[in-house]
Amino acid sequence: MSFAKEFKEFISRGNVVDLAVGVIIGGAFGAIVNSLVKDVVMPPIGYMTSGLDFASIKYVLQPAVIGPDAKILKPEVAIGYGAFFNTVINFLIIAFVIFWIVKGVNILKRLEAEKPADPPVPSAQEKLLIEIRDLLAKGK
């Protein structure tokens, strides 16, 4: 099988297309959650902590070395645990939303499974016996 034909077969599978759509929607959802955390969640937290910006919180291991001409000779080496805190909040919000989506889908599936099943359709022999019974009942 040629490489092009095999690649075409791989791409045309339904699962690959579904996965691609999921990745694209997931990326867009990630951007929405990032905006939610950055623009909605973190400002009140920063306000409650006297204007502290979590993204800028860091532990400096080595300060930047600046030359006499204000040129940075060595960049700062720091552990940015505030940015990590923001990422953890992003993850928790995404996990919370996904939890509620999955919970909603499971509730819908459960409601659909609880629907009473349609009564079984009588066979041809049963239909004939029902007709005979009805005719005999009319004849009395």
Side-chain angles (χ1 to χ4, degrees):
M1 183 181 292
S2 73
F3 178 77
K5 185 176 179 185
E6 188 175 349
F7 182 72
K8 181 181 175 186
E9 185 179 305
F10 170 75
I11 290 298
S12 65
R13 287 186 188 160
N15 293 343
V16 174
V17 175
D18 291 343
L19 178 63
V21 169
V23 167
I24 292 168
I25 290 175
F29 185 70
I32 291 170
V33 170
N34 283 334
S35 175
L36 175 67
V37 170
K38 179 180 153 200
D39 302 328
V40 177
V41 174
M42 294 313 288
I45 293 174
Y47 176 75
M48 289 185 288
T49 58
S50 302
L52 183 62
D53 179 19
F54 284 96
S56 65
I57 299 174
K58 58 188 170 187
Y59 178 75
V60 178
L61 298 173
Q62 177 184 349
V65 177
I66 301 174
D69 58 350
K71 188 175 181 183
I72 298 176
L73 301 175
K74 279 188 175 180
E76 175 182 76
V77 178
I79 298 172
Y81 62 90
F84 175 74
F85 181 68
N86 280 351
T87 304
V88 168
I89 290 174
N90 281 354
F91 170 76
L92 292 175
I93 290 172
I94 289 171
F96 184 73
V97 170
I98 296 297
F99 167 77
W100 282 105
I101 289 172
V102 170
K103 184 175 176 120
V105 168
N106 287 341
I107 288 172
L108 290 175
K109 283 183 180 179
R110 197 174 318 123
L111 290 175
E112 192 172 302
E114 290 176 357
K115 275 195 229 175
D118 293 332
V121 178
S123 67
Q125 184 179 6
E126 289 174 334
K127 286 180 184 178
L128 183 60
L129 289 172
I130 290 171
E131 287 178 27
I132 293 171
R133 179 198 65 198
D134 292 343
L135 289 172
L136 288 172
K138 282 182 185 177
K140 285 190 177 182

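Only this structure's heavy atoms are used, side chains among them; waters, hydrogens and symmetry mates stay out.
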Side-chain donor-acceptor contacts of residues 125-135 below 3.5 Å, not counting sequence neighbours, with atom names and distances?
{"unit_1": "Glu126", "atom_1": "OE1", "unit_2": "Ser123", "atom_2": "N", "d": "3.0"}

| Of all residues at least two apart in sequence or in a different chain, which pass the side chain to side chain contact (heavy atoms under 4.5 Å, CB included) check with Phe85? | Met42, Phe54, Ile89
| Cluster partners of Leu73, using ILVMFWY side-chain heavy atoms under 4.5 angstrom, listed by chain and number? | Val65
| request: Any chance you could pull the hydrophobic cluster mates of Phe96, using side-chain heavy atoms under 4.5 angstrom and chaining through other members? | output: Phe99, Trp100
| request: Go through the structure and list residues passing side chain to side chain contact (heavy atoms under 4.5 Å, CB included) with Phe7, not counting sequence neighbours. | output: Ile11
| field | Val60 and Val77, any side-chain heavy atoms less than 4.5 Å apart | value | no
| remark: The remaining residues in the hydrophobic cluster of Leu111, counting side-chain heavy-atom contacts under 4.5 Å among Ile, Leu, Val, Met, Phe, Trp and Tyr, are Ile107
| query | How does the hydrophobic cluster around Leu92 look, that is, which other residues are in it when side-chain heavy atoms under 4.5 Å mark a link? | reply | Phe84, Val88, Phe91
| Tell me, which pairs form a salt bridge (Lys or Arg N to Asp or Glu O under 4.0 Å) where one or both residues lie in residues 85-96, sequence neighbours left out? | none
| task | With sequence neighbours left out, write down each residue that passes side chain to side chain contact (heavy atoms under 4.5 Å, CB included) with Ser35, or none if nothing qualifies. | result | Asp39
| Inter- and intrachain pairs under salt bridge (Lys or Arg N to Asp or Glu O under 4.0 Å), touching residues 96-111, at least two apart | none
| message | I need the full list of side chain to side chain donor-acceptor pair (under 3.5 Å) pairs touching residues 57-80, with sequence neighbours left out, sorted by first then second residue. | response | Lys58-Glu76
| request: Look up atom CG in Asn86 and atom CD1 in Ile57, then write down how far apart they are to the nearest 0.5 Å. | output: 8.5 Å
| remark: Contacts of Leu36 meeting side chain to side chain contact (heavy atoms under 4.5 Å, CB included) (sequence neighbours excluded), chain-then-number -> Val40, Val41, Ile93
